[in-house]
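Notes to accompany the following structure.
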Amino acid sequence: MERSISSLRPPTHGNYITILSIDGGGIRGIIPGIILGFLESELQKLDGEEARIADYFDVIAGTSTGGLITTMLTAPNENSRPIYAAKDIKEFYFENGPKIFPQKRCPFPGAAKMFKTIAGPKYDGKYLHSLLKEKLGSTRLHQTLTKVVIPTFDIKNLQPTVFSSYEVKNHPHLNALLSDICIGTSAAPTYFPAHYFHTKDSAGKVRKFNLIDGGVAANNPTLVAIGEVSKEINRGSSDFHNIKSADYGRFLVLSLGTGSTKVEGKYSAMEAARWGIFGWLTSDHSTPLVDAFTQASADMVDFHISVICKALNSEQNYLRIQDDTLKGEVSSVDISTKENLEKLTKVAEVLLKKPVSRVNLDTGNFEPSKLESNEQALIRFAKLLSEEKHRRHETSSLQK
């Protein structure tokens with residue numbers, strides 16, 4: 001039966017705190033985009049065609065390309081609905097990916113890449129900047145349709161800057177334009193230029209930001225999102241009345257990766273032992289140094305959350321979907337040819353059919369589960385999200 005779509009009531013009226021997290025990964029963002037398209041289609045089966053991802057999550061967190069997807073799902077259009085449905089994310093990457101990451105043919109690609117590494121960022125970012133400013137206009141952080149958390153890294157202060165909807169009231173300088181936040185979190189070292197902008201509070205005080213890719217701080221922003229919620233609980237927010245900050249069993253978390261290379265490895269110690277600065281910054285399809293810090297941070301987050309969930313016997317409340325078998329061009333963050341985009345689409349479609357993988361806490365490796373596929377797990381999550389949404393609505397209505 002089709003149900004009417006209403007705004008999501010606060011967690012105090014329900015059983016769960018719902019979190020969606022999306023990793024960084026450049027053009028590979030098409031993978032979580034397709035997965036979210038499947039989840040949204042399942043929600044629409046339950047609640048009607050107007051259902052959108054933002055209607056079901058208390059907070060959506062995203063880093064780099066994940067930050068772009070987060071904004072696409074939560075920025076309001078003129079009808080106060082998301083500017084993009086999840087099913088449209090795939091088309092967004094096909095249409096704009098080749099312009100964000102223009103592919104230049106060169107008879108000596110290795111030498112050209114090394115020269116670009118010396119001379120400056122691989123891409124000037126002008127198309128991405130203009131696209132985001134056009135799509136997002138004057139929309140600011142406080143206007144998103146649900147709470148968002150987008151990590152960046154301030155290169156001048158050498159510390160993370162997290163743009164969090166929860167912090168806007170207490171720290172109004174964070175209420176930046178969504179376009180500036182997205183440009184900042186996507187400014188991957190060696191790929192795009194760092195991004196400068198400033199904000200002013202009501203008293204006219206200026207806050208300056210000098211930002212690079214949020215993946216430097218948290219390529220997998222799941223723990224950052226949980227931390228922001230926990231801070232809000234500790235403040236005594238009425239949205240979380242009677243919920244304790246350490247009550248992790250109430251978190252319902254969907255964490256989406258953009259793919260990585262683990263099987264057979266991407267590099268070897270023998271190879272890396274010969275590298276100088278250019279070796280660490282240049283490779284056939286990626287940048288080894290960037291690969292290292294983004295994948296390390298993402299995997300550590302998954303490991304820590306898995307430990308907590310296992311200790312609390314709430315493993316079914318945490319779903320991490322990640323393909324760690326990428327090889328060749330599909331493992332690149334910036335190869336945006338139509339052929340590679342079609343391959344990435346296939347990766348996502350196959351990933352949906354694969355068994356849910358969970359990290360082995362002894363070895364650190366991902367191991368397939370025999371219980372369900374990613375597709376089946378998402379169907380289960382869709383039902384939980386729908387039930388939670390309507391439970392909150394009914395409970396809050398009874399309390400009025």
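What's counted below: heavy atoms across the whole structure, side chains too, no hydrogens, waters or symmetry copies.
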Check whether any side-chain heavy atom of [X] sits under 4.5 Å from a side-chain heavy atom of [Y], and report yes or no.
X	Y	result
P32	T258	yes
H390	D47	yes
R320	N220	yes
V229	F251	yes
L371	V356	no
I321	L378	yes
V148	T71	no
L39	L254	yes

Please answer whether the main-chain N or O of [Y] pairs with a side-chain N or O of [X] as donor and acceptor at a distance below 3.5 Å.
X	Y	result
S64	G25	no
E40	A86	yes
R380	Q316	yes
S130	Y127	yes
R52	E49	yes
T152	T161	yes

What is the minimum heavy-atom distance between [X] and [Y], and which atoms define it?
X	Y	result
R392	E388	NE-OE2, 2.8 Å
P189	V216	CG-CG2, 4.3 Å
S165	T146	OG-O, 4.4 Å
G259	Q322	N-OE1, 2.8 Å
G29	T65	CA-CG2, 3.8 Å
I31	L351	CG2-CD2, 4.1 Å

I need the [X] [atom1] to [Y] [atom2] distance, nearest 0.5 Å.
X	Y	atom1	atom2	value
Y123	I100	OH	CD1	11.0 Å
I69	T63	CD1	OG1	11.0 Å
S331	D323	OG	CG	11.0 Å
Y56	L252	OH	CG	13.5 Å
F57	L145	CZ	CG	14.5 Å
D334	R28	CG	CZ	10.0 Å

- What do you reckon, are the aromatic ring centroids of F192 and F101 less than 6.0 Å apart? yes
Strictly by modelled atom types, are [X] and [Y] linked by a side-chain donor-acceptor pair under 3.5 Å?
X	Y	result
T74	T144	no
S260	D324	no
D213	Y191	no
T199	R207	no

- Message: Just to verify, which of V162, I150, D23, V149 counts as forming a side chain to side chain contact (heavy atoms under 4.5 Å, CB included) with P221?
- Response: D23
Is it the case that atom [atom1] in [X] sees more than 12 heavy atoms from other parts of the structure closer than 6.0 Å?
X	atom1	value
Q159	CD	yes
E342	CD	yes
K87	NZ	no

- Message: Tell me which pairs pass salt bridge (Lys or Arg N to Asp or Glu O under 4.0 Å) where either residue lies in residues 137-162, with sequence neighbours left out.
- Response: none
- Message: Set out, in order, the CA-CA distance, both residues' side-chain angles and the distance that settles side chain to side chain contact (heavy atoms under 4.5 Å, CB included) for L178 and L141, then state yes or no.
- Response: CA-CA 6 Å; L178 286 178; L141 180 60; 4.3 Å; yes
- Item | Residues which pass side-chain hydrogen bond (donor to acceptor under 3.5 Å, both in side chains) with S336, listed by chain and number, not counting sequence neighbours | Q103
- Does K231 come within less than 4.0 Å of E167, counting only side-chain N to carboxylate O? yes
- Query: Where does the angle between the aromatic ring planes of F240 and Y166 fall among parallel (under 30°), tilted (30 to 60°) and perpendicular (over 60°)?
  - Reply: tilted
- Task: Measure the acute angle between the ring planes of H171 and H173, then classify it against the limits of 30° and 60° as parallel, tilted or perpendicular.
- Result: perpendicular
Quick check on the hydrophobic clustering: are [X] and [Y] connected, directly or via other members, by side-chain heavy-atom contacts under 4.5 Å?
X	Y	result
L177	L131	no
F92	L256	yes
L385	L352	yes

- Task: Check the pair K343, E339 against salt bridge (Lys or Arg N to Asp or Glu O under 4.0 Å), reporting the backbone distance first and the verdict last.
- Result: CA-CA 6 Å; K343 288 180 180 178; E339 180 184 15; 3.8 Å; yes
- Task: Evaluate the criterion side chain to side chain contact (heavy atoms under 4.5 Å, CB included) for residue pair K354 and V350; output intermediate values, then yes/no.
- Result: CA-CA 6 Å; K354 286 184 177 181; V350 171; 3.9 Å; yes
